[in-house]
**Q** 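Below is the structure I would like to discuss, written out as structure tokens.
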Amino acid sequence: MEVEQQQPSYTSNFIIHLNENEDNGISYRSRKSSPKLVKHYILGEVLGEGAYGKVKDGMDSFTQKRVAVKILKRARLKKIPGGEASVLKEINITKKLHNKHIIKLIDHFIIEEKGKLYIVYEYVGGGTLQNILENAPNGRLPPHQSQFIFRQLIEACEYIHSQKILHRDIKPDNILFTHANVLKLSDFGVAEDSSQLEDFECLSRSYGSPAFQPPELTQFQTTFSPFKIDIWAMGVTLYLMTIGKFPFSGANMFVLFENISKCKIEFPNDLDKDLVNLIKGILQVDHIQRFSLGQIKNHPWCIKYIPETEPFVPLLEESKFLPLEMAYGDDEGDDGGGGRGGDDELIFGYENDANTIDLQDPEYIPSISVGDQPPSTPTLHHQQQSQQFHGNGNNVLYDPRNNEHLINGLPVHPIELDPVNIKKSSIGTNISDVALIRENYICSDNDASSGQDDEEYSDDNEISGEDLNPTNHRGDRVKGNKKSLGGKRKNNSDSSKIEFNPNRSSPQPPLRNSSNRRPKITFESPHNKSKCIIN
Ligand SMILES: Nc1ncnc2c1ncn2[C@@H]1O[C@H](COP(=O)(O)OP(=O)(O)OP(=O)(O)O)[C@@H](O)[C@H]1O
């Protein structure tokens, strides 16, 4: 039976009393299945939540390809100095990376009227390494599975470093897997493009997750090798994956940083000696002695055959894209057998929104506030730095025939040979830096959990039962399980303020926009508030 409802007055509280037990022909669906449309993407369930927004399951309605849509609130970003600029940086960095082990950025746009910025990524459904570790017996993976994953991580890092990109937040939460077991490095939220850096001072601050920070950052050293920061984090990830706990811990961040600086690592007695040697080579306090990616890649533990003694810890199960199931009618009787077998035509509202800004449109020019300078070329004297590196007693050779540097006979990317020197006065050695760290690591989680004032409930202009219900509480929303030591903050030091131009309209005329689109009305079940009907 079709439920005919008059258009309610949305300004008044409006509750419809329906009895689910009566045979009124109304079928209720789970509320979470409610599809939403932004640009031409259908949004589904929340896949995960980060410090600044959530990531939703999605589908491109043109190609029917599954996507993951990161939704960021501009109001929340504006509260962070350089917040939007750092998201633009994340977009620009991810956009320039093309490798099977790097998450692919598909689209990005702003919807002015919603005050939200959307970043569309390829969907990677097997879960994160963190998810896999949580399902693993004793929190660790079988050696052959660890090796399989670690080799892919090496490839991912080799690629980004070859593009002069520093990830700066390598950790199990940011390592995703496809169902074909392909590793994808994600979340370039604090990454830096070293080719765009004027100086390297910003790298001396630890913006990544504390437990994965190297000693040169926890000790505020003035000389460090930028790419060795990622290599250290790979070592912590390898330890965690193979041993099932962090190599360094502490009741608070100061103790943790002290333990990282001391670098006392314990290994189980029965651990593979090659693995112990590899981890020790990576987790070296001296960043110059620390293994390069070439040394890691050719290390005996990485190249040897490890027999499959235990089964792989499984990935997350493949899930269906719920809105699509619903659109085709997967309920019994809807299409004579469920699933996509019926004659239903899939119709989605509108293609473009008048208020959508396509950030890829060449006509879109962000206004840059006065005083900002375009990035200039790096000022490092590479040759001088390399000499210093050579002078440190390392066995670095240059092979002119292949135009490559070798450490202990193994090729190393030239970028790894360049330690960076920064002025002592410009980095954290005083009390104000303690405040900075506190702000970076202690407030970030609070930020994530607070700010419910701008917590979203509805992704577009649809009107739901919740909106009509005066007793609706906004605080009940599912939050990501952020670890207390895993939180982080975007680059607050970036003083450049890139403002999006609010006066710019969409380059394409909308087929249906928010004003002529029929509002969707949702009524909740009188007995089960998690169920609703969609008219
Ligand atoms: N492409 C994707 N496909 C499937 N799930 C994803 C994808 N990207 C992210 N997720 C899920 O969303 C979660 C949060 O994503 P992400 O870490 O990118 O958000 P964030 O805001 O950058 O987090 P952070 O607090 O680390 O900055 C991930 O842990 C993962 O579960």
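Counting starts at 1 for both ligands and their atoms, following the listed order.
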**Q** Any N or O of Glu122 that comes nearer than 3.5 Å to an N or O of ligand 1?
**A** yes

**Q** Tell me if the centroids of the rings in Phe246 and Phe212 come within less than 6.0 Å of each other.
**A** yes

**Q** Of the side chain and backbone of Leu176, name the one, both, or neither that has a heavy atom under 4.0 Å from an atom of ligand 1.
**A** side chain

**Q** Should Lys171 be counted as touching ligand 1, given the test is an N or O pair under 3.5 Å?
**A** no

**Q** Please say whether Val124 places an N or O atom under 3.5 Å from an N or O atom belonging to ligand 1.
**A** yes

**Q** Using ring centroids (six-membered ring only for Trp), state whether His167 and Phe188 fall under 6.0 Å.
**A** yes

**Q** Answer side chain, backbone, both or neither: which part of Thr128 comes under 4.0 Å from ligand 1, heavy atoms only.
**A** side chain

**Q** Counting heavy atoms only, which part of Ile103 comes closer than 4.0 Å to ligand 1: side chain, backbone, both or neither?
**A** side chain

**Q** Give the atoms of ligand 1, by number and element, whose distance to some non-hydrogen atom of Leu47 is under 4.0 Å.
**A** 4 (C), 5 (N), 31 (O)

**Q** Between Ser225 and His287, does any side-chain donor sit less than 3.5 Å from a side-chain acceptor?
**A** yes

**Q** Residue-level breakdown please: for Val55 versus ligand 1, do any non-hydrogen atoms fall below 4.0 Å on the side chain, on the backbone, on both, or on neither?
**A** side chain

**Q** Could you go through the salt bridge (charged side-chain N to carboxylate O under 4.0 Å, His left out) check for Lys56 and Glu45 one step at a time?
**A** CA-CA 6 Å; Lys56 282 194 171 182; Glu45 308 263 285; over 6 Å; no

**Q** Output, in order, the C-alpha distance, side-chain angles, deciding distance and verdict of salt bridge (charged side-chain N to carboxylate O under 4.0 Å, His left out) for Asp230 and Arg168.
**A** CA-CA 6 Å; Asp230 282 345; Arg168 302 212 301 157; over 6 Å; no

**Q** Under the salt bridge (charged side-chain N to carboxylate O under 4.0 Å, His left out) criterion, do Lys228 and Glu216 qualify, and how do the steps go?
**A** CA-CA 10 Å; Lys228 295 284 180 81; Glu216 58 270 26; over 6 Å; no

**Q** Under 6.0 Å between ring centres: does that hold for Trp232 and Phe248?
**A** yes

**Q** Find all atoms of ligand 1 within a distance of less than 4.0 Å from any non-hydrogen atom belonging to Lys70, and give their numbers and elements.
**A** 18 (O), 19 (O), 20 (P), 21 (O), 22 (O)

**Q** Scan Thr94, Ile106, Leu176 and name whichever one has a side chain to side chain contact (heavy atoms under 4.5 Å, CB included) with Tyr121.
**A** Thr94

**Q** Considering the heavy atoms of Ala68, write down every atom of ligand 1 situated less than 4.0 Å from one of them.
**A** 1 (N), 2 (C), 3 (N), 7 (C)

**Q** Counting each atom of ligand 1 from 1 as listed, which ones have a heavy atom of Gly48 under 4.0 Å away?
**A** 12 (O), 13 (C)

